[in-house]
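The structure appears below as structure tokens.
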Amino acid sequence: MFGRKKSQDKNGSEVAPPSPKKEKKMKEKAPKQMMMGKVYRILFWIFIGFVCLRGITSLITGPKVIQQVNNYGSQIQEVPTGAKGFAAEFATEYFTWNSDYINSRSNRLAQFITNIDADAGLDAYSTKGQSDVLTTEVTDARWINKSLAEITVVVRRKATLPKENTPENKSTELSLTPNPLDKDNSIIKTNIVVPVTVVGNKYVVQNYPRFIGDEEKADVPSTNLGQVVTDQQLIESAKKITTSVLTAMFNNKSDELKYFYAEGSKPAATYQKVNYSFQKVETLTLRQAETDAEGHYTIYATVSVKGPSGENFKNDWILKVASKGSEMYVTSIGDSSIQ
């Protein structure tokens with residue numbers, strides 16, 4: 001009565017019903033673990049995408065060559081002004097001495113040097129006389145490495161030697177190349193290269209300086225200044241305008257100077273009175289370049305001026321002028337390239 005009902009198949013035989021299956025319970029994951037897994041998967045695919053993008057970019061652009069050059073000799077960064085001043089002060093103390101008080105030189109040099117002898121290379125005990133620095137000028141400064149700079153200082157000094165008039169030191173032979181120190185007083189010029197080690201904003205000399213010769217003067221390049229004008233009337237007009245303009249300039253008469261300028265041109269506002277007076281035009285050459293407009297010329301004048309103490313000097317001046325009738329007017333004063 002209460003037994004399980006048996007089902008019959010098509011042939012009428014009894015078939016037992018299937019037993020119910022036990023459901024397996026799923027273990028729920030914690031929300032935090034699910035979130036971390038999602039973050040890791042996103043980061044992974046971002047990394048894969050970045051690698052693929054870099055690979056495609058390198059295929060398109062090809063290999064990249066990076067070249068780094070450390071050239072401290074070409075002054076990548078300018079040598080500090082303080083280092084230049086330090087080198088000039090060192091050079092002053094280096095060339096200042098009195099053989100009667102020679103130890104004072106090493107005492108003064110002590111604030112500049114390290115790792116070299118106290119006299120910075122001078123044989124102090126064989127030094128005679130006195131040396132006094134007149135002027136110092138820094139002419140070059142360049143880096144040798146990240147902390148070492150070589151600074152060239154031009155030193156002019158007066159050297160005084162004790163007089164030696166003993167008979168045994170006199171010679172009857174005339175020397176063709178006399179030593180400049182044979183005189184009681186000599187002005188000596190020296191180019192000294194000071195090796196300055198830079199440590200932050202402090203400086204020190206830890207190697208001996210060296211002496212070098214004067215630089216060779218430059219060769220003057222050949223320049224086509226234009227055709228020389230031989231017309232005497234134009235030359236006289238050029239002398240007249242040159243005399244008038246320079247007289248007004250040296251006397252700082254700006255109100256008078258403006259009348260000598262061509263229409264549309266005006267004198268520079270930087271002309272200031274100097275302690276020299278214009279005297280006269282010594283020589284003058286008038287030229288016309290191919291690029292000059294009709295009636296426009298360039299004056300190359302050598303003039304004489306007098307100094308405040310009566311000395312006479314020669315100056316070279318270049319004036320650009322325009323001719324109008326029998327008169328000339330200035331368009332500019334200065335280099336011949338100025339139009």
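These figures come from a predicted structure and were not determined experimentally.
Both Tyr276 and Ile333 belong to a common hydrophobic cluster when Ile, Leu, Val, Met, Phe, Trp and Tyr are linked at side-chain heavy-atom distances under 4.5 angstrom. Two different hydrophobic clusters hold Val281 and Tyr329 under the rule that ILVMFWY side chains link at heavy-atom gaps under 4.5 Å. Clustering ILVMFWY residues whenever any of their side-chain heavy atoms sit less than 4.5 angstrom apart, transitively, puts Val204 in a cluster other than the one holding Trp143.
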- Task: Apply side-chain contact (heavy atoms from CB on, under 4.5 Å) to Leu122 and Thr127, showing your working.
- Result: CA-CA 8 Å; Leu122 174 71; Thr127 300; 3.7 Å; yes
- Verdict with supporting geometry, Thr243 and Phe278, side-chain contact (heavy atoms from CB on, under 4.5 Å): CA-CA 8 Å; Thr243 300; Phe278 174 78; 3.8 Å; yes
- Query: Would Ile188 and Phe95 count as a side-chain contact (heavy atoms from CB on, under 4.5 Å) if you check the C-alpha gap in whole Å, the side-chain angles of each, and the deciding distance to 0.1 Å?
  - Reply: CA-CA 11 Å; Ile188 301 174; Phe95 281 115; over 6 Å; no
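At least one donor-acceptor pair closer than 3.5 Å links the side chain of Asn224 to the backbone N or O of Gly226. Side-chain atoms of Asn251 never come within 3.5 Å of backbone atoms of Ala248 as a donor-acceptor pair (strictly under, hydrogens ignored). For the pair Ser332 (side chain) and Lys320 (backbone), a donor-acceptor distance under 3.5 Å is absent.
Ile212 has its side chain within reach of Arg210: a pair of non-hydrogen atoms, C-beta onward, lies under 4.5 Å apart. Considering only heavy atoms from C-beta on, Trp317 stays 4.5 Å or farther from Thr242 through its side chain. Looking at Thr152 and Ile192, their side chains never come closer than 4.5 Å, going by heavy atoms from C-beta outward. The shortest side-chain heavy-atom distance between Gln130 and Ser99 does not fall under the 4.5 Å cut-off. Between Val194 and Val205, some side-chain heavy-atom pair lies under the 4.5 Å cut-off. The closest side-chain heavy-atom distance from Arg142 to Asp140 is below 4.5 Å. With a 4.5 Å cut-off on side-chain heavy atoms, Lys189 and Val154 count as touching. Side chains of Asn191 and Val193 form no contact here, defined as non-hydrogen atoms less than 4.5 Å apart.
Counted by atom type alone, Ser277 and Gln279 present one or more donor-acceptor pairs between their side chains at under 3.5 Å. Between the side chains of Arg287 and Thr298, no donor-acceptor pair is found at a separation under 3.5 Å. With hydrogens and angles left out, the side-chain atoms of Tyr208 and Asp117 include a donor and acceptor closer than 3.5 Å. Side chain to side chain, Gln206 and Thr114 fail the donor-acceptor criterion of an N or O pair below 3.5 Å. Ser304 and Glu282 share a side-chain donor-acceptor pair at under 3.5 Å.
When the shell of 6.0 Å around CD of Glu311 is examined, it contains more than 12 heavy atoms from other residues, nucleotides or ligands. Within 6.0 Å of NZ on Lys306 lie more than 12 heavy atoms contributed by other residues, nucleotides or ligands.
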Pair up each side-chain donor or acceptor in residues 105-112 with any protein partner under 3.5 Å, not counting sequence neighbours, and list the distances.
{"from": "Arg105", "atom 1": "NE", "to": "Tyr94", "atom 2": "O", "distance (Å)": "3.0"}
{"from": "Arg105", "atom 1": "NH1", "to": "Asp119", "atom 2": "O", "distance (Å)": "2.8"}
{"from": "Arg105", "atom 1": "NH2", "to": "Tyr94", "atom 2": "O", "distance (Å)": "3.0"}
{"from": "Arg105", "atom 1": "NH2", "to": "Asp119", "atom 2": "O", "distance (Å)": "3.4"}
{"from": "Ser106", "atom 1": "OG", "to": "Asn103", "atom 2": "O", "distance (Å)": "2.8"}
{"from": "Asn107", "atom 1": "ND2", "to": "Asn103", "atom 2": "O", "distance (Å)": "3.3"}
{"from": "Arg108", "atom 1": "NE", "to": "Glu93", "atom 2": "OE1", "distance (Å)": "2.4"}
{"from": "Arg108", "atom 1": "NH1", "to": "Ser104", "atom 2": "O", "distance (Å)": "3.4"}
{"from": "Arg108", "atom 1": "NH1", "to": "Ser104", "atom 2": "OG", "distance (Å)": "3.3"}
{"from": "Arg108", "atom 1": "NH2", "to": "Thr96", "atom 2": "O", "distance (Å)": "2.6"}
{"from": "Gln111", "atom 1": "NE2", "to": "Arg108", "atom 2": "O", "distance (Å)": "3.3"}

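A salt bridge does not link Glu89 to Lys84: none of the charged side-chain nitrogens sits closer than 4.0 Å to a carboxylate oxygen.
For the side chain to side chain contact (heavy atoms under 4.5 Å, CB included) with Val321, the qualifying choice from His296, Met328, Glu327 is Met328, the only one to do so. When the options Asn145, Leu148, Asn115 are evaluated for a side chain to side chain contact (heavy atoms under 4.5 Å, CB included) with Thr197, the one that passes is Leu148.
Atoms CD1 and CD1, from Ile241 and Ile299 in turn, are 7.5 Å apart once rounded to the nearest 0.5 Å.
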